[in-house]
Amino acid sequence: MTTIDLTTTSGSNQTWTVPSDWNSGNNSIEVIASGGGGGTPSAGGSGSGGGGAAYSKILNLTLTPGGSVTFFGNVGGAANTAGPDAWFNGASLAASSVGAKGGSAGGANVVGGAGGASGSGIGTTKNSGGTGGSGNLKNSGGGGGGAASAAAVGGTGGDGTAGFNTVGGVGGTSGGGVAGGAGGLSSGTNGSAGGAGSDLIGGIKGSGSGGGGAGVGTSPGGILNGGAGGVYGGGAGGGSGDTSGNGVGGTGGQYIIRITYAANKARAYATFV
């Protein structure tokens with residue numbers, strides 16, 4: 001089997017050339033979209049976690065060897081910004097052969113961002129990303145939601161803890177089982193990044209999300225940032241502020257499109273001779 005990962009990021013559609021030995025009768029295409037950014041709070045508050053990205057898969061897509069396919073994927077959502085969708089073989093998600101929804105952004109002193117919805121994706125196997133943890137006034141930041149995989153939906157990020165100098169919400173576990181990033185340990189500590197994705201038989205393993213920022217500090221000057229979402233598709237942790245400053249929400253994990261196919265040996269031989 002040949003495996004090709006598309007991970008180049010762009011704000012516009014990109015083009016992929018179908019290999020000469022493409023086999024329309026034995027292939028799979030999997031998509032994890034981008035995770036949502038964590039929320040940046042108001043002073044003395046906390047940000048909620050961004051939502052994890054959704055997963056979609058299709059089998060045995062008919063493509064013309066040597067032809068061009070349009071696809072889209074981009075970086076994860078920055079603070080307070082939703083993660084972009086990702087898709088393959090089409091000018092938009094709705095018009096594609098397979099595609100997945102990005103995670104929603106976290107916000108200031110609100111519930112966490114929603115995970116990318118499987119119902120908004122295109123494919124025969126679809127799972128939703130995890131919801132980010134809540135960040136409320138005078139709480140620590142919420143953890144980001146985990147990205148989905150072929151195996152399962154993404155896990156929900158942990159809520160921020162009430163009170164000063166508290167632990168940030170832990171990032172949600174990915175659908176593939178990768179643990180999320182840890183929350184900040186105490187005042188003055190940022191949330192950690194989410195776990196990286198890795199291969200999983202039967203599909204891409206989504207990454208864990210970023211942890212939330214640490215709790216609201218009691219002394220001035222504390223700026224506590226949320227952890228970044230794990231690659232690929234993890235939602236980011238929310239920041240938390242002290243009495244005079246604001247932490248910044250983390251950045252979500254980017255997309256990945258994985259193409260796997262068994263080479264068409266007859267076509268490859270004919271091309272060679």
Side-chain angles (χ1 to χ4, degrees), residues 35-42 44-54 76-83 102-117 128-148 152-175 178-187 189-195 206-216 224-230 233-241 246-253:
T40 296
S42 59
S46 65
S48 59
N80 308 316
T81 305
S104 298
N109 309 329
V110 293
V111 298
S128 299
T131 300
S134 297
N136 297 313
L137 189 63
K138 295 184 178 179
N139 279 18
S140 57
V153 299
T156 300
D159 292 338
T161 308
F164 291 112
N165 301 329
T166 50
V167 177
V170 175
T173 300
S174 73
V178 177
L185 299 178
S186 63
S187 176
T189 305
N190 298 329
S192 65
S207 70
S209 67
V216 181
L224 314 174
N225 299 331
S240 60
N246 300 314
V248 178
T251 300

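Count residues from 1 along the sequence.
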Sorted by chain and number, sequence neighbours left out, side-chain contact (heavy atoms from CB on, under 4.5 Å) with Ala79 holds for Thr40, Val248
Heavy-atom nearest pair, Pro41 first then Gly247, reads CD-O, 3.1 Å
Sorted by chain and number, sequence neighbours left out, side chain to side chain donor-acceptor pair (under 3.5 Å) with Ser128 holds for Ser118
For Ser134, the side-chain contact (heavy atoms from CB on, under 4.5 Å) test, sequence neighbours excluded, returns Val111, Asn136, Asp159
Note: Gly141 and Ser46 closest approach over all heavy atoms is N-CB, 3.9 Å
Heavy-atom closest pair (Ala78 atom, Thr251 atom, distance to 0.1 Å) is CA-OG1, 4.2 Å
Is the side chain of Ser48 donor-acceptor paired with the backbone N or O of Gly107 at a distance under 3.5 Å, no angle test?
yes
Closest non-hydrogen atoms of Asn80 and Ala105, given as atom of the first, atom of the second and distance, are C-CB, 3.4 Å
